[in-house]
Amino acid sequence: MSKTLINTFSKKLLTWHAASGRSGLPWQGNRDPYAVWVSEIMLQQTQVATVLERYPRFMKRFPTVKKLAAADIDEVLAEWAGLGYYSRARNLHACAKQVMHDFSGKFPHDPLLLEQLKGIGRSTAGAIAAFAFHERAPILDANVKRILARLFAIEGAVQDKAVNDRLWKLAQDLLPNQPKDMPVYTQALMDFGATWCTARKPVCISADKKCPFAKDCQANLSNQVLALPQKTVKAKSPEFDCDMLLIRSGNFVLLQKRPSKAIWGGLWSLPESPWRPRSEKGHQTAHGSKELLAITLPGENIADLAKSIRGLKSGNRIKHVFTHRRLWMQIWEANASKALAFFSPNLKWVPLAQLGRYGLPQPIKILLQGLSLVRGDDLKN
DNA sequence: AAGTCGGGGGG
DNA sequence: CCCCCAGACTT
(Lines give C-alpha, C1' and ligand atoms only; values in the text may rest on other atoms or scores of the structure.)
Protein backbone atom coordinates (compact mmCIF):
# COMPACT_ATOMS: atom_id res chain seq x y z
CA MET A 1 0.00 0.00 0.00
CA SER A 2 2.77 2.39 0.93
CA LYS A 3 5.23 0.94 -1.49
CA THR A 4 5.21 4.07 -3.59
CA LEU A 5 6.10 6.26 -0.66
CA ILE A 6 8.88 3.90 0.44
CA ASN A 7 10.49 4.31 -2.95
CA THR A 8 10.07 8.04 -3.35
CA PHE A 9 10.44 9.32 0.20
CA SER A 10 14.16 10.07 0.34
CA LYS A 11 14.17 11.94 -2.96
CA LYS A 12 11.19 14.03 -1.97
CA LEU A 13 12.73 14.79 1.39
CA LEU A 14 16.03 15.83 -0.17
CA THR A 15 14.15 18.15 -2.52
CA TRP A 16 12.29 19.62 0.42
CA HIS A 17 15.54 20.13 2.31
CA ALA A 18 17.18 21.99 -0.55
CA ALA A 19 14.39 24.55 -0.41
CA SER A 20 13.36 24.64 3.24
CA GLY A 21 15.95 22.90 5.42
CA ARG A 22 17.71 24.64 8.28
CA SER A 23 21.14 26.04 7.62
CA GLY A 24 23.85 27.81 9.51
CA LEU A 25 23.84 25.66 12.64
CA PRO A 26 27.39 25.50 14.03
CA TRP A 27 27.66 21.73 13.87
CA GLN A 28 26.29 21.39 10.35
CA GLY A 29 28.56 20.51 7.44
CA ASN A 30 31.26 19.34 9.80
CA ARG A 31 32.35 15.80 9.08
CA ASP A 32 34.86 15.61 11.93
CA PRO A 33 33.57 12.60 13.88
CA TYR A 34 34.47 14.25 17.18
CA ALA A 35 32.53 17.40 16.35
CA VAL A 36 29.58 15.35 15.12
CA TRP A 37 29.59 13.18 18.23
CA VAL A 38 29.68 16.10 20.67
CA SER A 39 26.79 17.81 18.89
CA GLU A 40 24.68 14.64 18.89
CA ILE A 41 25.16 14.06 22.60
CA MET A 42 24.54 17.69 23.47
CA LEU A 43 21.36 17.72 21.40
CA GLN A 44 19.86 14.67 23.14
CA GLN A 45 16.61 15.85 24.71
CA THR A 46 17.87 19.39 24.37
CA GLN A 47 16.57 22.00 21.99
CA VAL A 48 18.65 23.57 19.27
CA ALA A 49 18.27 27.06 20.76
CA THR A 50 19.97 25.91 23.97
CA VAL A 51 22.79 24.05 22.26
CA LEU A 52 23.45 26.96 19.94
CA GLU A 53 25.22 28.90 22.69
CA ARG A 54 26.88 26.00 24.46
CA TYR A 55 28.29 23.93 21.62
CA PRO A 56 30.94 26.38 20.36
CA ARG A 57 32.07 26.97 23.94
CA PHE A 58 32.47 23.27 24.60
CA MET A 59 34.39 22.73 21.36
CA LYS A 60 36.71 25.60 22.16
CA ARG A 61 37.37 24.20 25.63
CA PHE A 62 37.80 20.60 24.41
CA PRO A 63 38.81 20.79 20.74
CA THR A 64 39.75 17.14 20.27
CA VAL A 65 38.78 13.76 21.65
CA LYS A 66 42.32 13.47 22.99
CA LYS A 67 42.01 16.65 25.03
CA LEU A 68 38.59 15.68 26.29
CA ALA A 69 39.86 12.27 27.39
CA ALA A 70 42.78 13.88 29.20
CA ALA A 71 40.59 16.39 31.06
CA ASP A 72 39.38 15.95 34.62
CA ILE A 73 35.73 14.94 34.94
CA ASP A 74 35.10 18.02 37.09
CA GLU A 75 36.21 20.25 34.22
CA VAL A 76 33.85 18.48 31.86
CA LEU A 77 30.94 18.73 34.29
CA ALA A 78 31.66 22.41 34.88
CA GLU A 79 31.46 23.01 31.13
CA TRP A 80 28.27 20.96 30.95
CA ALA A 81 26.58 22.68 33.91
CA GLY A 82 23.14 24.01 33.07
CA LEU A 83 22.57 21.60 30.18
CA GLY A 84 20.98 18.92 32.35
CA TYR A 85 21.11 15.14 32.11
CA TYR A 86 24.61 15.09 33.54
CA SER A 87 25.10 11.41 32.81
CA ARG A 88 25.64 12.66 29.27
CA ALA A 89 28.73 14.54 30.41
CA ARG A 90 30.01 11.62 32.46
CA ASN A 91 29.46 9.24 29.56
CA LEU A 92 31.00 11.74 27.13
CA HIS A 93 34.17 11.74 29.18
CA ALA A 94 34.20 7.96 29.54
CA CYS A 95 33.54 7.54 25.81
CA ALA A 96 36.46 9.81 24.94
CA LYS A 97 38.71 7.53 26.97
CA GLN A 98 37.26 4.49 25.22
CA VAL A 99 37.97 5.99 21.82
CA MET A 100 41.53 6.83 22.83
CA HIS A 101 42.33 3.49 24.39
CA ASP A 102 40.27 1.03 22.35
CA PHE A 103 40.25 2.74 18.94
CA SER A 104 43.52 4.64 18.85
CA GLY A 105 41.71 7.95 19.06
CA LYS A 106 39.59 7.35 15.96
CA PHE A 107 35.84 6.79 16.08
CA PRO A 108 34.77 3.53 14.43
CA HIS A 109 32.61 3.79 11.29
CA ASP A 110 30.39 0.81 12.01
CA PRO A 111 27.20 1.89 13.81
CA LEU A 112 27.22 -1.40 15.70
CA LEU A 113 30.62 -0.54 17.12
CA LEU A 114 29.63 3.06 17.84
CA GLU A 115 26.67 1.75 19.80
CA GLN A 116 29.02 -0.10 22.15
CA LEU A 117 30.50 3.19 23.33
CA LYS A 118 29.29 4.95 26.49
CA GLY A 119 26.30 7.20 25.98
CA ILE A 120 25.77 6.22 22.35
CA GLY A 121 22.53 4.39 21.67
CA ARG A 122 21.23 3.09 18.38
CA SER A 123 19.89 6.40 17.11
CA THR A 124 22.94 8.45 18.02
CA ALA A 125 25.16 5.75 16.51
CA GLY A 126 23.19 6.04 13.30
CA ALA A 127 23.49 9.82 13.26
CA ILE A 128 27.26 9.77 13.79
CA ALA A 129 27.75 7.04 11.19
CA ALA A 130 25.62 8.89 8.66
CA PHE A 131 27.04 12.37 9.23
CA ALA A 132 30.68 11.50 9.69
CA PHE A 133 31.10 8.33 7.60
CA HIS A 134 28.23 8.28 5.04
CA GLU A 135 27.04 4.96 6.42
CA ARG A 136 23.53 3.91 5.43
CA ALA A 137 22.39 3.77 9.05
CA PRO A 138 18.98 5.07 10.18
CA ILE A 139 18.17 7.35 13.09
CA LEU A 140 15.02 7.19 15.17
CA ASP A 141 14.71 10.26 17.35
CA ALA A 142 11.51 11.97 18.41
CA ASN A 143 11.33 13.78 15.07
CA VAL A 144 11.55 10.63 13.00
CA LYS A 145 9.14 8.73 15.24
CA ARG A 146 6.58 11.47 14.78
CA ILE A 147 7.10 11.72 11.02
CA LEU A 148 6.83 7.97 10.48
CA ALA A 149 3.91 7.49 12.87
CA ARG A 150 1.99 10.05 10.85
CA LEU A 151 3.07 9.04 7.35
CA PHE A 152 2.11 5.42 7.98
CA ALA A 153 -0.62 6.03 10.56
CA ILE A 154 1.06 3.85 13.13
CA GLU A 155 -1.08 3.32 16.20
CA GLY A 156 0.23 2.52 19.65
CA ALA A 157 2.78 4.14 21.92
CA VAL A 158 6.19 4.59 20.31
CA GLN A 159 7.88 3.07 23.36
CA ASP A 160 6.01 -0.17 22.84
CA LYS A 161 8.50 -2.72 21.56
CA ALA A 162 6.45 -3.89 18.61
CA VAL A 163 5.79 -0.32 17.53
CA ASN A 164 9.40 0.64 18.04
CA ASP A 165 10.61 -2.32 15.97
CA ARG A 166 8.26 -1.37 13.18
CA LEU A 167 9.50 2.23 13.22
CA TRP A 168 13.13 1.11 13.01
CA LYS A 169 12.29 -1.13 10.07
CA LEU A 170 10.59 1.74 8.26
CA ALA A 171 13.49 4.07 9.04
CA GLN A 172 15.84 1.53 7.49
CA ASP A 173 13.66 0.93 4.43
CA LEU A 174 13.32 4.64 3.68
CA LEU A 175 17.06 5.35 3.49
CA PRO A 176 18.38 6.74 0.19
CA ASN A 177 20.29 4.26 -1.96
CA GLN A 178 23.38 6.41 -2.32
CA PRO A 179 25.66 6.58 0.74
CA LYS A 180 26.77 10.05 -0.31
CA ASP A 181 23.23 11.29 0.38
CA MET A 182 23.24 10.11 3.99
CA PRO A 183 24.44 13.30 5.72
CA VAL A 184 21.96 15.60 4.02
CA TYR A 185 19.17 13.04 4.24
CA THR A 186 19.68 12.58 7.98
CA GLN A 187 19.78 16.31 8.53
CA ALA A 188 16.68 16.70 6.39
CA LEU A 189 14.72 14.26 8.53
CA MET A 190 15.53 16.20 11.67
CA ASP A 191 14.82 19.53 10.01
CA PHE A 192 11.50 18.37 8.64
CA GLY A 193 10.36 17.05 12.02
CA ALA A 194 11.58 20.06 13.93
CA THR A 195 10.19 22.77 11.66
CA TRP A 196 7.35 21.38 9.52
CA CYS A 197 5.99 18.12 10.91
CA THR A 198 5.98 19.49 14.45
CA ALA A 199 4.17 17.99 17.41
CA ARG A 200 1.62 20.73 18.01
CA LYS A 201 1.39 22.83 14.90
CA PRO A 202 2.36 20.89 11.78
CA VAL A 203 2.14 22.85 8.55
CA CYS A 204 -0.63 20.61 7.25
CA ILE A 205 -2.87 22.12 9.93
CA SER A 206 -1.94 25.76 9.59
CA ALA A 207 -2.06 25.45 5.81
CA ASP A 208 0.12 28.37 4.83
CA LYS A 209 2.79 25.96 3.61
CA LYS A 210 2.28 22.89 1.50
CA CYS A 211 3.62 19.66 2.93
CA PRO A 212 5.34 17.62 0.20
CA PHE A 213 3.83 14.47 1.70
CA ALA A 214 0.28 15.73 2.03
CA LYS A 215 -1.04 13.13 -0.41
CA ASP A 216 1.11 10.32 0.97
CA CYS A 217 0.53 10.86 4.68
CA GLN A 218 -1.99 8.37 6.06
CA ALA A 219 -2.59 10.53 9.12
CA ASN A 220 -3.26 13.59 7.00
CA LEU A 221 -5.60 11.71 4.68
CA SER A 222 -7.61 10.42 7.63
CA ASN A 223 -7.43 13.68 9.58
CA GLN A 224 -5.45 12.11 12.44
CA VAL A 225 -2.28 14.15 12.33
CA LEU A 226 -2.59 15.65 15.80
CA ALA A 227 -3.56 12.27 17.26
CA LEU A 228 -0.29 10.66 16.15
CA PRO A 229 2.03 9.57 17.50
CA GLN A 230 -0.17 8.32 20.30
CA LYS A 231 0.64 9.87 23.66
CA THR A 232 0.83 7.99 26.93
CA VAL A 233 -0.61 9.32 30.15
CA LYS A 234 2.04 10.51 32.57
CA ALA A 235 1.79 10.30 36.32
CA LYS A 236 1.81 13.60 38.17
CA SER A 237 5.30 14.32 39.47
CA PRO A 238 5.71 13.84 43.22
CA GLU A 239 6.75 16.79 45.38
CA PHE A 240 9.57 16.98 47.92
CA ASP A 241 11.13 19.34 50.45
CA CYS A 242 14.73 19.57 51.50
CA ASP A 243 17.09 21.85 53.43
CA MET A 244 20.34 23.25 52.11
CA LEU A 245 23.19 24.89 53.99
CA LEU A 246 24.66 28.10 52.66
CA ILE A 247 27.70 28.40 54.91
CA ARG A 248 30.15 31.18 54.28
CA SER A 249 33.51 31.96 55.74
CA GLY A 250 34.85 35.21 54.46
CA ASN A 251 35.12 34.84 50.73
CA PHE A 252 34.62 31.10 50.84
CA VAL A 253 31.48 29.02 50.57
CA LEU A 254 31.09 25.39 51.60
CA LEU A 255 30.24 23.04 48.75
CA GLN A 256 29.41 19.38 48.62
CA LYS A 257 30.22 17.09 45.72
CA ARG A 258 27.14 15.11 44.79
CA PRO A 259 27.26 11.37 44.22
CA SER A 260 27.17 10.30 40.61
CA LYS A 261 24.22 8.30 39.36
CA ALA A 262 21.76 10.54 41.14
CA ILE A 263 20.13 13.83 40.38
CA TRP A 264 22.75 16.48 39.54
CA GLY A 265 25.22 13.59 39.71
CA GLY A 266 28.83 14.63 40.02
CA LEU A 267 28.07 18.33 40.37
CA TRP A 268 29.07 20.53 43.29
CA SER A 269 26.21 21.96 45.31
CA LEU A 270 25.25 23.16 48.77
CA PRO A 271 25.25 20.56 51.58
CA GLU A 272 21.79 19.07 51.46
CA SER A 273 19.40 17.11 53.65
CA PRO A 274 17.54 14.04 52.46
CA TRP A 275 14.38 14.83 50.57
CA ARG A 276 11.08 14.58 52.45
CA PRO A 277 7.85 13.76 50.62
CA ARG A 278 5.66 16.83 50.70
CA SER A 279 2.52 16.06 52.64
CA GLU A 280 -0.93 17.42 51.88
CA LYS A 281 -1.27 19.08 55.26
CA GLY A 282 1.66 21.43 55.19
CA HIS A 283 4.43 21.44 57.82
CA GLN A 284 6.76 21.14 54.88
CA THR A 285 9.49 23.34 56.24
CA ALA A 286 12.01 22.32 58.83
CA HIS A 287 11.72 24.87 61.63
CA GLY A 288 14.81 25.88 63.52
CA SER A 289 18.13 24.22 63.90
CA LYS A 290 16.71 21.27 65.81
CA GLU A 291 15.79 19.42 62.67
CA LEU A 292 18.92 20.57 60.97
CA LEU A 293 20.93 18.55 63.46
CA ALA A 294 19.57 15.51 61.69
CA ILE A 295 20.85 16.60 58.33
CA THR A 296 22.74 13.89 56.60
CA LEU A 297 24.34 13.83 53.22
CA PRO A 298 24.01 10.83 50.99
CA GLY A 299 26.56 8.39 52.32
CA GLU A 300 27.74 10.53 55.20
CA ASN A 301 26.52 12.27 58.33
CA ILE A 302 27.26 15.92 58.93
CA ALA A 303 25.55 16.26 62.27
CA ASP A 304 28.88 17.49 63.63
CA LEU A 305 28.86 20.19 61.01
CA ALA A 306 25.36 21.36 61.86
CA LYS A 307 26.15 21.35 65.60
CA SER A 308 29.19 23.49 65.05
CA ILE A 309 27.33 26.23 63.27
CA ARG A 310 25.80 29.06 65.22
CA GLY A 311 23.15 31.42 64.06
CA LEU A 312 21.58 29.55 61.20
CA LYS A 313 18.93 31.72 59.61
CA SER A 314 16.36 30.71 57.08
CA GLY A 315 17.01 32.21 53.68
CA ASN A 316 15.43 31.75 50.29
CA ARG A 317 12.92 29.09 49.48
CA ILE A 318 13.36 27.83 45.96
CA LYS A 319 11.01 25.75 43.87
CA HIS A 320 12.64 23.68 41.17
CA VAL A 321 10.86 21.53 38.61
CA PHE A 322 12.45 18.41 37.20
CA THR A 323 11.01 16.18 34.52
CA HIS A 324 9.11 14.06 37.02
CA ARG A 325 9.72 15.61 40.41
CA ARG A 326 9.17 18.97 42.06
CA LEU A 327 11.50 20.13 44.80
CA TRP A 328 11.27 22.91 47.33
CA MET A 329 14.66 23.87 48.72
CA GLN A 330 14.85 25.73 52.01
CA ILE A 331 18.15 27.57 52.27
CA TRP A 332 19.73 27.98 55.74
CA GLU A 333 22.44 30.61 55.96
CA ALA A 334 25.23 31.18 58.46
CA ASN A 335 28.79 32.26 58.79
CA ALA A 336 31.27 29.78 60.15
CA SER A 337 34.92 29.28 60.75
CA LYS A 338 36.88 27.67 58.01
CA ALA A 339 38.69 25.87 60.77
CA LEU A 340 35.72 23.57 61.13
CA ALA A 341 37.12 20.14 60.69
CA PHE A 342 35.82 18.23 57.73
CA PHE A 343 37.02 14.76 57.04
CA SER A 344 34.91 14.16 53.97
CA PRO A 345 36.50 14.66 50.58
CA ASN A 346 33.01 15.55 49.40
CA LEU A 347 33.00 18.79 51.39
CA LYS A 348 35.15 21.68 50.29
CA TRP A 349 35.58 25.37 50.99
CA VAL A 350 35.56 27.13 47.64
CA PRO A 351 36.61 30.73 47.04
CA LEU A 352 33.67 32.71 45.67
CA ALA A 353 35.83 33.96 42.84
CA GLN A 354 36.47 30.36 41.71
CA LEU A 355 32.85 29.18 41.65
CA GLY A 356 32.92 29.38 37.87
CA ARG A 357 35.29 26.45 37.77
CA TYR A 358 32.68 24.23 39.42
CA GLY A 359 29.69 22.63 37.84
CA LEU A 360 26.72 23.85 39.88
CA PRO A 361 23.05 22.88 39.53
CA GLN A 362 21.24 25.62 37.67
CA PRO A 363 19.02 26.75 40.59
CA ILE A 364 22.03 26.90 42.91
CA LYS A 365 23.96 28.90 40.37
CA ILE A 366 21.05 31.31 40.10
CA LEU A 367 20.75 31.49 43.88
CA LEU A 368 24.37 32.43 44.34
CA GLN A 369 24.11 35.01 41.59
CA GLY A 370 20.93 36.41 43.09
CA LEU A 371 22.57 36.85 46.46
CA SER A 372 25.34 38.77 44.77
CA LEU A 373 27.85 36.47 46.34
CA VAL A 374 29.69 36.52 43.08
CA ARG A 375 29.71 38.60 39.99
CA GLY A 376 27.93 37.01 37.05
CA ASP A 377 31.21 36.73 35.22
CA ASP A 378 32.62 34.38 37.80
CA LEU A 379 29.99 31.81 36.98
CA LYS A 380 30.20 32.06 33.24
CA ASN A 381 33.66 30.68 32.66
C1' DA B 1 8.33 -2.27 30.12
C1' DA B 2 8.81 1.14 33.32
C1' DG B 3 11.81 4.55 35.96
C1' DT B 4 15.47 7.63 36.15
C1' DC B 5 17.98 11.11 34.66
C1' DG B 6 17.54 18.64 33.69
C1' DG B 7 16.41 22.46 31.78
C1' DG B 8 14.38 25.68 28.77
C1' DG B 9 11.14 26.93 24.85
C1' DG B 10 6.65 27.79 23.72
C1' DG B 11 1.60 27.25 23.54
C1' DC C 1 -0.17 25.67 33.77
C1' DC C 2 0.98 22.22 30.33
C1' DC C 3 3.64 19.50 26.69
C1' DC C 4 7.75 18.93 24.18
C1' DC C 5 12.59 18.04 22.96
C1' DA C 6 18.86 15.30 17.75
C1' DG C 7 17.74 9.39 24.16
C1' DA C 8 20.45 6.31 26.99
C1' DC C 9 20.73 3.57 30.80
C1' DT C 10 19.14 0.86 34.80
C1' DT C 11 16.13 -2.25 37.00
Side-chain angles (χ1 to χ4, degrees), chain A residues 21-22 25-28 36-55 77 80-92 94-95 114-131 138-147 156-165 167-168 171 183 186-195 197-202 205-206 226 229 231-238 258-267 269 319-327 359-366:
Chain A
R22 291 181 293 192
L25 301 178
W27 49 88
Q28 280 180 341
V36 170
W37 167 60
V38 171
S39 72
E40 290 305 323
I41 302 299
M42 197 173 280
L43 283 157
Q44 286 172 1
Q45 298 291 287
T46 307
Q47 296 189 331
V48 166
T50 304
V51 174
L52 218 43
E53 318 167 357
R54 303 296 300 266
Y55 177 74
L77 282 167
W80 201 269
L83 281 169
Y85 286 142
Y86 298 98
S87 65
R88 291 185 297 171
R90 299 193 300 271
N91 285 332
L92 200 70
C95 179
L114 285 167
E115 199 179 338
Q116 300 306 311
L117 298 170
K118 296 280 188 188
I120 300 181
R122 185 172 174 186
S123 187
T124 299
I128 297 171
F131 283 132
I139 60 168
L140 191 63
D141 63 4
N143 287 315
V144 181
K145 287 175 183 171
R146 184 172 57 253
I147 294 168
V158 292
Q159 54 267 48
D160 180 87
K161 176 164 170 51
V163 175
N164 196 252
D165 288 349
L167 291 171
W168 273 112
T186 303
Q187 185 65 54
L189 267 181
M190 295 170 169
D191 288 356
F192 184 68
T195 63
C197 195
T198 61
R200 298 204 203 189
K201 218 168 67 173
I205 301 298
S206 59
L226 290 183
K231 297 157 188 70
T232 55
V233 287
K234 291 178 213 162
K236 189 183 170 213
S237 26
R258 305 182 64 82
S260 55
K261 300 192 174 182
I263 213 151
W264 293 322
L267 271 60
S269 186
K319 178 188 179 185
H320 190 71
V321 178
F322 299 99
T323 299
H324 49 292
R325 233 155 265 238
R326 298 157 198 250
L327 177 66
L360 304 174
Q362 194 67 354
I364 302 304
K365 175 175 170 179
I366 291 169

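Letters go in sequence order (proteins before strands), and every chain restarts at 1.
As judged by a 4.0 angstrom heavy-atom cut-off over every strand, Trp80(A) is placed among residues making no nucleic acid contact. Among the atoms of the strands shown, only primed sugar atoms or phosphate atoms (P, OP1, OP2) are found under 4.0 Å from some heavy atom of Ala199(A). At the heavy-atom level, Arg90(A) lies nowhere under 4.0 Å from the strands shown.
Between Ile120(A) and Lys319(A), the one whose closest nucleotide on DNA chain C sits nearer the 5' end is Lys319(A). Ranked by how close their nearest DNA chain C nucleotide is to the 5' end, Lys231(A) and Arg326(A) are led by Arg326(A).
Partners of Arg146(A) by side-chain hydrogen bond (donor to acceptor under 3.5 Å, both in side chains), not counting sequence neighbours, listed by chain and number: Asn143(A). Scored by the ring-ring contact (aromatic ring centres under 6.0 Å, His included) test, Tyr85(A) finds no partners at all (sequence neighbours excluded). For Trp168(A), there are no ring-ring contact (aromatic ring centres under 6.0 Å, His included) partners at least two apart in sequence or on another chain. Remark: Phe192(A) engages Trp16(A), Phe213(A) in a ring-ring contact (aromatic ring centres under 6.0 Å, His included) (not counting sequence neighbours).
Taking atom P in both dG3(B) and dA6(C), the straight-line distance is 24 Å, to the nearest Å. Comparing the C1' positions of dA8(C) and dG9(B) gives an interatomic distance of 23 Å, to the nearest angstrom.
Counted within 6.0 Å of NZ on Lys261(A), heavy atoms from surrounding residues, nucleotides or ligands total 12 or fewer; the atom is thus considered open.
Counting only heavy atoms from C-beta outward, the side chains of Val48(A) and Trp27(A) approach each other to under 4.5 Å.
Inspection of the Thr46(A) and Arg88(A) side chains reveals an N or O donor paired with an N or O acceptor under 3.5 Å.
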Quick tally for nucleotides 4-11 of chain B: nucleotides whose base has a protein heavy atom under 4.0 Å get B, sugar-phosphate-only ones S, the rest -, giving BBBBBSB-
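Reading DNA chain C from its 5' end, the first and the last nucleotide to sit under 4.0 Å from a heavy atom of chain A are dC1(C) to dC9(C).
Summarising the base pairing, dG6(B) is matched to no nucleotide, lacking a Watson-Crick or G-U wobble pair whose two defining distances lie under 3.5 Å.
In this structure, Leu43(A) CG and Leu52(A) CG are separated by 9.5 Å, a value rounded to the nearest 0.5 Å. Note: Glu115(A) CD to Ile128(A) CD1 = 10.5 Å, rounded to the nearest 0.5 Å.
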